[in-house]
Amino acid sequence: MLLKHTVYSVDTVVIGAGVIGLAVARSLAKSGREVLILERNASIGQETSSRNSQVIHAGLYYPQRSFKAKFCVEGRRMLYQYCRERSVDVQQCGKLIVATSEASFRDKLVPLYHQALRNGVTDVKLLTDTAHIADLEPHLSHVVAALWSPSTGIVDSHHFLYSLLADAEAHGATLALQSAVEDSRITNGVELQVGGMWIACRNVVNAAGLWAHQVASLLHQNHPWQPPKQYYCKGNYFRLQGQISPFSRLVYPLPDERGGLGVHATLDLAGMVRFGPDVEWLHENIQPDEIDYTMGSWCRIMPVFDPS
Ligand SMILES: Cc1cc2nc3c(=O)[nH]c(=O)nc-3n(C[C@H](O)[C@H](O)[C@H](O)COP(=O)(O)OP(=O)(O)OC[C@H]3O[C@@H](n4cnc5c(N)ncnc54)[C@H](O)[C@@H]3O)c2cc1C
């Protein structure tokens, strides 16, 4: 925590110690900049970066030549290499995207296969031999075809986050926890208010995740700025308790029309399986006590996975 009544001055402040903030801080510190990371929580990676599927995506889905397609394919290679070099737990288990009808095979799976090839993901294979698919994953049912992506994998996200932090700190970056940015003012550079004190800096990186809009509004106080509209969405995960995963690969349905990749079976590095996330759009000013945390959407999984 930063001490009150002290005036700090630093070249660059990174707001947020999720995976984005830590990766940016690492990179800036390695390039020789003086970096201070401000995180409002008591430890790093407590928000979206530790509440996800931990999947290293191959880059199958995104529109050709989009930044997402480009960065996902390049980033996946870099991430595997980084994990190998830094001994971060990772497993290139591959993933199957399954079609459960001839129509979805023809109209969705085949186009997805071509999309993947256009994005430079050249190791994908269309599997149409259902006996072969059953050999690979005997617990799948109702599958008529599958797209096999061998370069998809899983990573231990906590291990990865701490490795990024260690790199950043080894290059001189400083992490301040319980240090929420509450206000800002423009002087020669930017001053940020944290717990009643002001930090002067020349550069600010806003890596505040779901709160990036709020932080951006603080930074734009003196300039008219219309933040992009936010659309909130909730995803539930369901854990198969007390059982090692029946699957040895990630298993995905075809992408969900409501958004998202569809409720998928995600393995973790301990060999357990979770199903999720499903997709539940929330209204703009949703309050936490309005959100339904029950398991009502379990039935959405059933068309693809036999829950027995
Ligand atoms: C359900 C789900 C599943 C996903 N699965 C995958 C997956 O399998 N693979 C994949 O690659 N991606 C996945 N993603 C996406 C990925 O998790 C996110 O893109 C990524 O974690 C975003 O990281 P971030 O650093 O931007 O945000 P965050 O992890 O949210 O970090 C932002 C940080 O900023 C801090 N902060 C906020 N406001 C302030 C403030 N005022 N002052 C100081 N600190 C502040 C927060 O406390 C937080 O620590 C998934 C996302 C979701 C929602």
Side-chain angles (χ1 to χ4, degrees), residues 1-2 13-27 36-62 67-68 71-76 78-80 83 90-91 93 95 149 151-158 160-162 164-165 168 175-184 192-195 199 204-219 230-238 250 252 256 258-269 274-282 297:
M1 200 190 325
L2 296 167
V13 167
V14 175
I15 304 173
V19 70
I20 302 297
L22 292 171
V24 169
R26 168 185 180 270
S27 187
L36 172 65
I37 310 163
L38 297 175
E39 169 53 53
R40 65 180 179 174
N41 288 325
S43 57
I44 64 166
Q46 291 298 294
E47 304 207 354
T48 314
S49 296
S50 60
R51 285 165 175 76
N52 59 42
S53 303
Q54 307 194 102
V55 172
I56 300 176
H57 290 289
L60 314 175
Y61 301 94
Y62 305 119
F67 280 144
K68 276 188 170 179
F71 294 145
C72 191
V73 173
E74 280 176 26
R76 180 238 307 158
M78 291 166 73
L79 183 51
Y80 278 123
C83 291
V90 71
Q91 196 183 315
C93 52
K95 102 170 167 185
S149 165
S151 51
T152 302
I154 47 176
V155 60
D156 180 336
S157 56
H158 291 87
F160 178 48
L161 291 164
Y162 276 96
L164 292 174
L165 174 62
L175 169 67
L177 296 169
Q178 295 180 307
S179 299
V181 173
E182 293 154 352
D183 204 352
S184 83
L192 301 172
Q193 190 178 38
V194 178
I199 299 167
V204 180
V205 177
N206 176 2
L210 289 178
W211 311 96
H213 275 59
Q214 279 186 10
V215 168
S217 298
L218 289 179
L219 295 171
Q230 282 182 295
Y231 299 91
Y232 288 104
C233 182
K234 178 168 81 84
N236 300 289
Y237 283 96
F238 306 93
L250 306 179
Y252 281 57
D256 191 321
R258 286 171 302 242
L261 300 181
V263 170
H264 42 273
T266 313
L267 312 181
D268 63 26
L269 288 144
R274 286 185 303 166
F275 295 103
D278 61 3
V279 173
E280 203 174 319
W281 289 102
L282 306 173
S297 37

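Note that ligands are numbered from 1 as they come in the structure, with each ligand's atoms numbered from 1 the same way.
Note that atom 49 (O) of ligand 1 has protein non-hydrogen atoms nearby, at separations under 4.0 angstrom. The protein does not reach atom 12 (N) of ligand 1 closely, with no heavy atom under 4.0 angstrom from it. Within 4.0 Å of atom 53 (C) of ligand 1, at least one protein heavy atom is present.
Numbered from 1 in the order shown, with element, the atoms of ligand 1 that lie under 4.0 Å from a heavy atom of Leu38 read 43 (C), 44 (N). Close contacts between ligand 1 and Ala207 involve ligand atoms 32 (C), 33 (C), 34 (O) [criterion: under 4.0 Å to a heavy atom]. Each of the atoms 43 (C) of ligand 1 lies under 4.0 Å from some heavy atom of Ser179. Listed by atom number, the atoms of ligand 1 under 4.0 Å from Gly209 heavy atoms are 26 (O), 27 (O), 30 (O), 32 (C). Those atoms of ligand 1 with a heavy atom of Trp211 less than 4.0 angstrom away are 37 (C), 38 (N).
Checked against a 3.5 angstrom limit, the closest N/O atoms of Val19 and ligand 1 fall inside it. For ligand 1, the polar-atom distance check against Ile20 finds a nitrogen or oxygen pair separated by under 3.5 Å. An N or O contact shorter than 3.5 Å links Glu39 to ligand 1 by distance. Ligand 1 has an N or O atom lying under 3.5 Å from an N or O atom of Val181, backbone or side chain. Residue-to-ligand polar distances place Val55 within reach of ligand 1: an N/O pair is separated by less than 3.5 Å. Residue Gln46 places no N or O, backbone or side chain, under 3.5 Å from any N or O of ligand 1.
Residue contacts with ligand 1, taken as heavy atom pairs separated by less than 4.0 Å, do not involve Thr266 at all. Heavy atoms of Ser50 found under 4.0 angstrom from ligand 1: none, in either backbone or side chain.
For Arg40 and Glu47, the salt-bridge test passes: some basic side-chain N is under 4.0 Å from an acidic carboxylate O.
Looking at Ser43 and Gln46, their side chains do bring a donor and an acceptor atom within 3.5 Å of each other. Counting only N and O atoms by type, the side chains of Tyr80 and Ser151 include no donor and acceptor under 3.5 Å apart.
Here the heavy atom of the protein found nearest to atom 17 (O) of ligand 1 is Asn52 ND2, 2.9 Å.
Residues satisfying the side-chain hydrogen bond (donor to acceptor under 3.5 Å, both in side chains) test with His158, not counting sequence neighbours, are none. Remark: Tyr62 engages no residue in a side-chain hydrogen bond (donor to acceptor under 3.5 Å, both in side chains) (not counting sequence neighbours).
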